[in-house]
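Residue numbers count from 1 along this sequence.
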Amino acid sequence: MNEAASGDRRPLKSRAAGWAQALAAAAARGGASPDLISAASVAFAGLGAALLMLAGINEAPLARGLALIGAAACIQLRLLCNLLDGMVAVEHGRGGPSGPIWNEMPDRIADALLLVGAGYCAYGSKLDMGAWLGWLAACLAILTAYVRELGRGFDFPADFSGPMAKPHRMAALTITCVISVFEPFWGLHGQCMLIGLAVIAAGSAWTVVRRTRTLARRLAERAAG
């Protein structure tokens with residue numbers, strides 16, 4: 001997420017880590033723009049989605065497991081890009097005028113790709129509800145960001161509360177991918193992905209409710225104030 005033009009940054013402990021600062025400095029020295037790094041996050045998400053769908057239709061445990069591990073790696077690389085683009089933009093002063101666009105759009109596309117891909121991973125395993133559950137999780141993920149940005153449109157601080165903000169969603173999906181690798185040992189095929197998506201969708205729905213209630217309270221306090 002390119003945060004060059006945003007005064008509200010997601011609080012991340014990893015931003016202060018030495019390895020993250022070193023990577024951001026190296027990217028800035030190499031001339032990488034925050035927008036390019038944001039675009040790379042979408043590319044990793046697209047690759048992750050493709051691997052998830054491949055895992056869903058693959059019956060061979062080894063090939064399926066490798067696809068799931070690859071998808072988990074792509075999710076983490078997507079998050080790494082989300083970390084670095086903001087650091088390059090803000091800490092290294094390379095943000096451009098299109099920062100507000102790159103601040104949100106790549107994240108929403110990446111969320112949708114990965115969650116829908118996870119849904120079709122379960123669907124490919126003959127679990128028909130996987131497809132609509134993936135789309136539901138994607139829509140709810142986008143809605144969490146919408147409520148946050150709606151609040152910022154009223155000049156309130158960005159609300160990054162969970163329980164299923166972006167880092168939490170991607171952590172849950174990564175864990176789900178890793179657990180799903182071991183499904184053949186339990187005689188399962190896709191059920192873990194279905195459960196993981198259900199948890200993400202339910203948590204995202206609660207996040208939307210929580211952020212909406214916070215926004216309503218802030219508006220009421222402003223009107224009364």
Side-chain angles (χ1 to χ4, degrees), residues 1-3 5-16 38 41-42 45 48-49 72 75-76 78-83 85-86 90 99-119 122 129-179 192-225:
M1 179 170 56
N2 186 335
E3 296 160 296
S6 173
D8 296 297
R9 303 182 72 190
R10 189 183 301 275
L12 297 172
K13 293 181 180 179
S14 54
R15 193 177 288 129
S38 295
S41 74
V42 178
I75 295 168
Q76 292 304 304
R78 173 255 169 124
L79 291 177
L80 178 61
C81 289
N82 292 161
L83 173 68
D85 61 1
V90 177
I101 298 172
W102 291 94
N103 184 43
E104 288 299 322
M105 190 176 292
D107 269 357
R108 306 293 73 80
I109 295 172
D111 272 341
L113 284 170
L114 288 167
L115 292 170
V116 172
M129 67 183 299
W132 70 259
L133 191 55
W135 280 103
L136 176 63
C139 290
L140 288 169
I142 292 170
L143 193 54
T144 64
Y146 171 78
V147 177
R148 186 193 72 229
E149 291 304 301
L150 182 63
R152 290 189 64 225
F154 287 110
D155 295 323
F156 294 120
D159 184 358
F160 293 111
S161 61
M164 275 291 167
K166 180 186 69 179
H168 309 139
R169 291 192 299 269
M170 293 300 102
L173 188 56
T174 301
I175 292 169
T176 300
C177 287
V178 174
I179 293 175
C192 289
M193 190 64 66
L194 204 64
I195 293 170
L197 280 171
V199 170
I200 292 170
S204 296
W206 176 241
T207 301
V208 171
V209 170
R210 184 181 180 191
R211 291 182 181 183
T212 301
R213 290 174 62 183
T214 297
L215 177 57
R217 175 178 53 78
R218 287 172 170 175
L219 287 169
E221 290 172 351
R222 174 182 288 178

Side chain to side chain, [X] and [Y], heavy atoms closer than 4.5 Å:
X: Ser41; Y: Asp85; answer: no
X: Tyr146; Y: Val208; answer: no
X: Val147; Y: Asp159; answer: no
X: Met193; Y: Leu173; answer: yes
X: Pro163; Y: His168; answer: no

Rounded distance (nearest 0.5 Å) linking atom [atom1] of [X] with atom [atom2] of [Y]:
X: Trp206; Y: Ser161; atom1: CH2; atom2: OG; result: 10.0 Å
X: Thr207; Y: Arg148; atom1: OG1; atom2: CZ; result: 12.0 Å
X: Arg222; Y: Phe156; atom1: CZ; atom2: CZ; result: 3.5 Å
X: Leu140; Y: Ile200; atom1: CG; atom2: CD1; result: 11.0 Å
X: Ile101; Y: Ser38; atom1: CD1; atom2: OG; result: 11.5 Å

**Asked** With the threshold set at 4.0 Å, does a side-chain nitrogen-carboxylate oxygen contact exist between Asp155 and Arg218?
**Response**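 No, Asp155 and Arg218 are not salt-bridged.
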**Asked** Does Arg152 pair with Glu149 as a salt bridge, N-O distance under 4.0 Å?
**Response** yes
**Request:** Count the heavy atoms of every other residue, nucleotide or ligand shown that sit under 6.0 Å from CZ of Arg213, and state whether that count exceeds 12.
**Result:** no
Nearest non-hydrogen partners of [X] and [Y], listed with the distance:
X: Leu115; Y: Leu197; value: O-CD2, 3.9 Å
X: Cys192; Y: Ile179; value: SG-CG2, 3.9 Å
X: Ser204; Y: Met164; value: N-CB, 3.5 Å
X: Leu194; Y: Ala122; value: CD1-CB, 4.0 Å
X: Ala165; Y: Arg10; value: CB-NH1, 3.8 Å
X: Leu113; Y: Ala49; value: O-CB, 3.2 Å

**Message:** Check whether Arg211 reaches the backbone of Thr144 with its side chain - one donor and one acceptor, N or O, closer than 3.5 Å.
**Reply:**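 A pair under 3.5 Å: yes.
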**Complete:** Per side chain to side chain contact (heavy atoms under 4.5 Å, CB included), Arg78 is matched among Val42, Asp107, Leu83 by Asp107
